[in-house]
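Heavy-atom basis, side chains included; hydrogens, waters and symmetry copies ignored. In listed order, ligands and their atoms are each counted from 1.
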Amino acid sequence: MEKYGYRFSFGPWNIHEGADPFGPTVRPSVPFEQKLQTLKELGFDAMQFHDDDAVPDLDELSPSQIEAQARQMKARLDDLGLVAEFVAPRLWEHPMTVDGAFTANDPKARAYALDRAKKCADICRYMGTDLMVLWLAREGTYLREAKDAVQATHRLLEAVNALLEYDPRLRIAIEPKPNEPMDLAYIPTIGHALALGFRASDPARVGTLVESAHAVLAGLDPADEMSFALAFGKLGSVHLNDQNGLKFDQDRSFGSVDLRRAFNQVRVLDENRFWEVGMVGLDVKALRTQAPEVATKHLRNSLHTFLRLIEVVRSLDRQRIDELRAARDYEELDWLILKALLGR
Ligand code: GLO
Ligand code: MG
């Protein structure tokens, strides 16, 4: 398979049991080892990890036990010729993080969050990656008056700085999302994430991760969000997927809802040589109604849609596009793009 220099990843959560807020799981859990095999078979290069995907129940383990398990996972990846793209602290499921992690009002909850994130930094190191993704899932509130948003912003900055100081080689990519699980999220867009990063103690080590669906949920265009981060050299990774309007986070297969929106993400990434910068993560989930035997096809579809769109992007007549821009003939430019997407 020609991958045009790109490397691709997904996380264990992208082979999913299909539970939603109103119903139980509909597919059996797939053992991690089988997910790794699927990743390999589908032609992906890297696995994304939550800290406890790599080291289950890490809250119960000693530092040396954490190290041993993380190194064991790294060895398993090595065997298969795979790598870990990043490790993300799962700061949204523990009882201590019910009201937020770094922005909780309770100092004990904040201390737990920082301690857990430091363990995650250790796991990153043992797993051979310098990248930590911070999806700030519960950093927000359901009730605006329940937290001080200015103070919360300072607390997020302090947490980022504490992690940068804890591990001088660590890089952080902040993954913003405007809602879900929280109603009112404090870092809803790439602009917010970038602003926080620029104020950090070592801004060069703080970037962002754009997820397509999260941009759409914020009423923004993912390609523009990526462009904004790319303009500052701050796009560390992407979570490509798709989203059918302003609803719950759907994690639909890349390009399956709005092919032109997908095309523009690929175009922006390719025009900016993203293959030299980071990996292409596919944060997609199979539809709830899919039977287990076919519930990995969303990963295949997303990867192949990306690759086909690379071909479309690279086939564009750049000179013609420049002429049409200069002539302000946008209808003709529109037609050029549509013809490319339609295949003739
Ligand atoms: C959920 C997020 C989630 C994160 C993952 C890595 O909406 O997109 O999938 O990307 O947990 O932190
Ligand atoms: Mg994501």
Practice problem: Check Phe86, Trp135, Trp92, Phe32 against His50 for a ring-ring contact (aromatic ring centres under 6.0 Å, His included) and give me the one that passes. | Solution: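 Among Phe86, Trp135, Trp92, Phe32, the one meeting ring-ring contact (aromatic ring centres under 6.0 Å, His included) with His50 is Trp92.
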
Quiz item: Quick one: do Val83 and Leu77 end up in the same hydrophobic cluster if we chain Ile, Leu, Val, Met, Phe, Trp and Tyr together by side-chain heavy atoms under 4.5 Å apart?
Solution: no

Quiz item: When you check the gap from the basic side-chain N to the acidic O, do Asp242 and Arg252 get nearer than 4.0 Å?
Solution: no

Quiz item: So does Asp52 pair up with Arg116, basic N to acidic O under 4.0 Å?
Solution: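 The answer is yes: the pair qualifies as a salt bridge.
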
Self-check item: For Ser212, the option from Asn241, Val257, Asp283, Asp221 that meets side chain to side chain contact (heavy atoms under 4.5 Å, CB included)
Solution: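 The passing option is Asn241.
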
Quiz item: Going by distance alone, is a donor N or O of one side chain under 3.5 Å from an acceptor N or O of the other, for His192 and Thr189?
Solution: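 Present: a donor and an acceptor within the cut-off.
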
Quiz item: With a 3.5 Å cut-off and no angle check, do the side chains of Ser9 and Glu85 form a donor-acceptor pair?
Solution: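 A pair is found: one side chain offers a donor N or O, the other an acceptor, under 3.5 Å apart.
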
Practice problem: Could you name the protein residues that come within less than 4.0 Å of ligand 1, counting only heavy atoms, and order them by chain and residue number? | Solution: Trp13, His50, Ala88, Trp92, Trp135, Glu175, Lys177, Glu211, His214, His239, Asp249, Asp283

Quiz item: Do Phe274 and Tyr6 have their ring centres less than 6.0 Å from each other?
Solution: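 Aromatic pair excluded; centres sit 6.0 Å or further apart.
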
Quiz item: In the shown structure, where waters are left out, how many protein N, O or S atoms lie under 2.8 Å from the Mg ion (ligand 2)?
Solution: 4

Self-check item: Cationic tip of Arg260 above Trp335 ring, under 6.0 Å, 45° of axis
Solution: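 Output no; distance or angle outside limits.
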
